[in-house]
Amino acid sequence: MAKGSVFFCQNCGHESSKWLGQCPGCKEWNTFVEEAAPKKAAGGRVRSRERTTPVTLKEIELKEEERIRTNIGELDRVLGGGIVAGSLMLVGGDPGIGKSTLLLQVCQNLAEDNHEVLYISGEESLKQIKIRAQRIGEFKDSLSLLCETNLNEIEEVVKAKKPEVVIIDSIQTMYNENVSAAPGSVSQVRESTGTLMVLAKTLGIAIFIVGHVTKEGVVAGPRVLEHMVDTVLYFEGDRHASYRILRGVKNRFGSTNEIGVFEMQGNGLREVTNPSEFMLNGKPVGASGSVVTCSLEGTRPILVEIQALVSDTSFQIPRRTTVGIDFNRVNLLLAVLEKRAGMQLGGCDAYVNLTGGMRLSEPSIDLAVIAALVSSYRNQVIDEHTIIFGEVGLTGEVRGVAQAEVRIKEAEKMGFTRCIVPKSNCDSIKELKPGIQVVGVAGIMELMDVL
Ligand code: TYD
Ligand code: MG
């Protein structure tokens, strides 16, 4: 081992003086890579005069919070109303998911409103960017482009040009001359982000940073810098499907867990304003094991289909597989069904799938998972105009969920006629159209009778 070197987990940035097989921080395997020890002095701290003398709250002047609208409605909502001047935003996602495309479209809209924008690419040549831009449409001249990976150069350019918004695509290609580690390594990525943070805070420039998510740990993942930036957005979605979900994971200037839905088309990303319709596209009719539920993503209700398949097992230990839903949660619900409803699931394989490539973690989908499992087990079709939501506890009780009315309204809008909801939510529901029937259930046995 070279003197003065340390090992970093390329996934979460955990530091260790010796190589480790499994990271104690994030529990990933084989993610440690040796790097030169970072110089302690080179910290990315914001040093301006007001920071060194303490002030009272009264002395702090509050300016009207300026937000620059990107005019991409889905993105503006995830950001909490637009781009805040001086903020550092991280856009993460798998390679090829559409990060560069989205940000180029942001540039297009900002340039349209005569904001000065600088797009810095370390991945593509100017010609490649032009080819992409031609697919997206017309651009105004307040957008300038730069191909550069040397952060010290970038710093000079930004200081001289003072644009309102800067885009760095991607952080893993950038390098700082003061750090000897290779581009994409933990120390390099951290140091570069530190430099960008100082730029953003001192000059009041909003900076978007693109970060690739990698499984192999060859380059440092965006998780390393999540805590340094103001806003973290992740681009998710099935690469084989055309739509993409932009999820706000952290936001110092807005609420988190908001999502934006986009569809990748031949001429860039298009906003999907009615995601429920999108998610239910292709839902089978008259099939057992298929249930529609309503999940609340941030402030927005989305209808999704949950599918379950319960079949006799041919293995010693029955198989359980989940897609899009927490595996342990499904196991827990299977145990509840076995104990409280007397279903013999010990000899059955169970597969649960959330269609459309969505990933949900809200407990309000529990009841629908139970219903899908029961439907598949009994081979009994659930009426296709029914939606089901509610949280299920270990005693088999159905607990109330937040904003039941909003969820029912969304179902109503999508043409559903029956809602099976927690009994405790029934009182809070008012003013519904006569066409929709609301059934309250207090436990899973009651649910089985209603089905
Ligand atoms: P890109 O933005 O380059 O992904 P990232 O920056 O996250 O790596 O996305 C490129 C993908 O999107 C690529 O597979 C081509 C496709 N695409 C379209 O389908 N339509 C378009 O208009 C554009 C620009 C790209
Ligand atoms: Mg890209």
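Remember, it's 1-based here, ligands and their atoms both numbered in the order they're listed.
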* To do: Go through R270 and F262 one step at a time and tell me if the side-chain contact (heavy atoms from CB on, under 4.5 Å) criterion holds.
  => CA-CA 5 Å; R270 187 185 63 90; F262 296 91; over 6 Å; no

* Decide yes or no on side-chain contact (heavy atoms from CB on, under 4.5 Å) for D366 and R329, but give the supporting numbers first. => CA-CA 8 Å; D366 290 354; R329 189 87 201 161; 2.5 Å; yes

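For the Mg ion (ligand 2), the set of nearby N, O or S atoms under 2.8 Å includes none belonging to S121.
With a 4.0 Å heavy-atom cut-off, ligand 1 is reached by the backbone of P95 but not by any atom from C-beta on. Residue contacts with ligand 1 for N267 involve N, CA, C or O but no side-chain atom from C-beta outward (heavy atoms, distance under 4.0 Å). In R135, the part holding a heavy atom less than 4.0 Å from any atom of ligand 1 is the side chain.
Residue I382 holds its CD1 atom at 8.0 Å from OG of S290, rounded to the nearest 0.5 Å.
Of the options G92, S121, G96, the smallest heavy-atom separation from atom 8 (O) of ligand 1 is shown by G96. Scanning E123, R132, E124, Q105 for the heavy atom closest to atom 3 (O) of ligand 1 points to R132.
Under a 4.0 Å criterion applied to the non-hydrogen atoms of Q265, ligand 1 contributes the atoms 18 (C), 19 (O), 20 (N), 21 (C), 22 (O). Which parts of ligand 1 touch G266 is read off a 4.0 Å heavy-atom cut-off, strictly below it: atoms 20 (N), 21 (C), 22 (O).
Donor-acceptor pairing under 3.5 Å is lacking for the side chains of S192 and N176.
Ion pairing between a basic and an acidic side chain is recognised when a charged N comes within 4.0 Å of a carboxylate O; K162 and E116 show no such pairing. Contact check on E258 versus R247 returns no salt bridge, with no Lys/Arg side-chain nitrogen under 4.0 Å from an Asp/Glu carboxylate oxygen. Under a 4.0 Å N-O distance rule, the pair D94/R244 does not qualify as a salt bridge.
In terms of polar-atom proximity, G268 is counted as a contact of ligand 1, with an N or O under 3.5 Å from an N or O of the ligand.
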